[in-house]
J.: 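Structure incoming, see below.
To find a chain, count down the sequence lines: A is the first, B the second, and so on, and within it residues start at 1. Quick note: numbers below take in every heavy atom, side chains included, and nothing from hydrogens, waters or symmetry partners.
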There are 2 protein chains.
Amino acid sequence: MAEPEQLNRVFAALADPTRRDLVARLAAGDATVGELAAPYAVSLQAVSKHLKVLEDAGLVSRSRDAQRRPVHLEAEVFDLMTKWIERYRRQAEERYQRLDAVLADLHNDDRGADRAATDEGEAS
Amino acid sequence: MAEPEQLNRVFAALADPTRRDLVARLAAGDATVGELAAPYAVSLQAVSKHLKVLEDAGLVSRSRDAQRRPVHLEAEVFDLMTKWIERYRRQAEERYQRLDAVLADLHNDDRGADRAATDEGEAS
DNA sequence: TCCTTGTTCAACCAATTGGTTGAGCATGAC
DNA sequence: GTCATGCTCAACCAATTGGTTGAACAAGGA
């Protein structure tokens with residue numbers, strides 16, 4: 001899958017609180033669709049749909065065990081997101097630091113100018 | 001804003017490639033709506049809507065400069081996402097490590113049993 | 001073979017989303 | 001005041017989404 005398209009799907013998948021909760025519970029271990037659906041007020045079919053969304057995003061995989069379809073979290077996909085996020089956070093932070101440096105320089109120049117003026121005043 | 005609701009909005013906001021591109025460009029510095037809209041094929045109003053989604057998610061803020069509305073990236077919100085992601089990634093990784101340890105133990109036991117059996121064979 | 005269990009598929013519905021266009025508003029320039 | 005600029009608001013449209021129910025499928029147990 002193209003990376004931008006996968007980013008679309010992963011972010012969209014995690015935009016739903018039910019799906020985030022599914023991911024949270026799957027981090028503790030694999031589970032079947034029935035087990036996953038039990039705590040929610042919605043139908044089993046709705047949960048099955050949510051799992052399909054997560055699967056299409058590459059966040060989970062499903063195998064087979066008799067009638068059951070155990071669901072497994074594929075945590076590597078998280079890296080795709082954190083890489084994207086960290087890249088721009090770092091860029092923004094570096095920009096702030098440069099801005100701070102410029103402001104600090106301006107401040108120092110001001111203080112330097114003040115001190116020079118004072119020195120001149122004292123000398124005159 | 002409640003944290004789950006903000007997570008909904010932030011993830012949903014970044015699920016759109018145009019909005020991710022806006023964030024990427026804003027990481028390089030503030031910009032006006034017109035500047036941001038220029039490279040895209042869509043109308044200025046569409047970009048304005050995208051910026052509203054990013055603003056509602058807390059990802060950008062807008063101030064005023066005469067007729068212009070400079071847009072500014074609020075990079076702190078990224079932390080909310082990375083905190084959520086890292087929590088479950090760590091949990092999943094720890095689980096894998098425990099599983100590896102169990103498998104290694106089983107393997108050692110097997111080798112131990114093999115060796116014991118061999119020893120017994122050799123001893124008998 | 002038929003039944004039960006676990007799950008998916010299909011059709012439908014209401015709400016949301018991303019886009020459009022046209023009108024309107026805020027602000028500085030004349 | 002009038003005008004131009006930069007942007008938002010409102011109404012609308014097609015496509016997508018999250019939910020429903022009912023039917024169908026896959027696989028083990030009686």
J.: Contact list please: residues 44-51 of chain B against DNA chain C, heavy atoms, distance less than 4.0 Å, in numerical order.
T.: B:Gln45, B:Ala46, B:Lys49, B:His50

J.: Give the cluster check for B:Leu54 versus B:Met1: same hydrophobic cluster or not, with ILVMFWY residues linked at side-chain heavy-atom distances below 4.5 Å.
T.: no

J.: Give the rounded distance in Å between these two atoms: CD of B:Gln67 and P of D:dT8.
T.: 13 Å

J.: Do you know which two heavy atoms are closest between B:Glu35 and B:Arg25, and how far apart they sit?
T.: O-NH2, 3.2 Å

J.: Using side-chain hydrogen bond (donor to acceptor under 3.5 Å, both in side chains) as the criterion, list what pairs up with A:Lys83, not counting sequence neighbours.
T.: none

J.: Any side-chain heavy-atom pair from B:Met81 and A:Ile85 closer than 4.5 angstrom?
T.: yes

J.: Heavy atoms only: give me the nearest B:Ala27-A:Tyr88 pair and the separation to one decimal.
T.: CB-O, 3.8 Å

J.: What parts of residues 6-34 of chain A reach DNA chain C, counting only heavy atoms under 4.0 Å away?
T.: A:Thr32, A:Val33, A:Gly34

J.: Can you tell me how far the OH atom of A:Tyr40 sits from the OG1 atom of A:Thr18, to the nearest 0.5 Å?
T.: 6.5 Å

J.: Salt-bridged, A:Arg9 to A:Glu5, with N to O below 4.0 Å?
T.: yes

J.: Counting C-beta onward and ignoring hydrogens, is there a side-chain heavy-atom pair between B:Leu80 and B:Leu7 closer than 4.5 Å?
T.: yes

J.: Under 4.0 Å from any atom of DNA chain C, heavy atoms only: list the residues of residues 54-66 of chain B that qualify, in numerical order.
T.: B:Arg64, B:Ala66

J.: Which atom pairs, one a donor and one an acceptor, fall under 3.5 Å between side chains of residues 71-78 of chain A and the rest of the protein, sequence neighbours left out?
T.:
residue, atom, partner, partner atom, Å
A:His72, ND1, A:Asp30, OD1, 2.8
A:His72, ND1, A:Asp30, OD2, 3.2
A:Glu74, OE2, A:Ser61, OG, 2.8

J.: Within the 4.5 Å heavy-atom criterion, are A:Ser63 and A:Arg68 side-chain neighbours or not?
T.: no

J.: Roughly how far, to the nearest 0.5 Å, is the CG atom of A:Leu22 from the CZ atom of A:Arg20?
T.: 11.0 Å

J.: Measuring only between side-chain heavy atoms, which start at C-beta, is B:Arg19 closer than 4.5 Å to B:Leu14?
T.: no

J.: Check every nucleotide of DNA chain C for an atom under 4.0 Å from a heavy-atom of chain B, then give the first and the last such nucleotide from 5' to 3'.
T.: C:dG18 to C:dG28

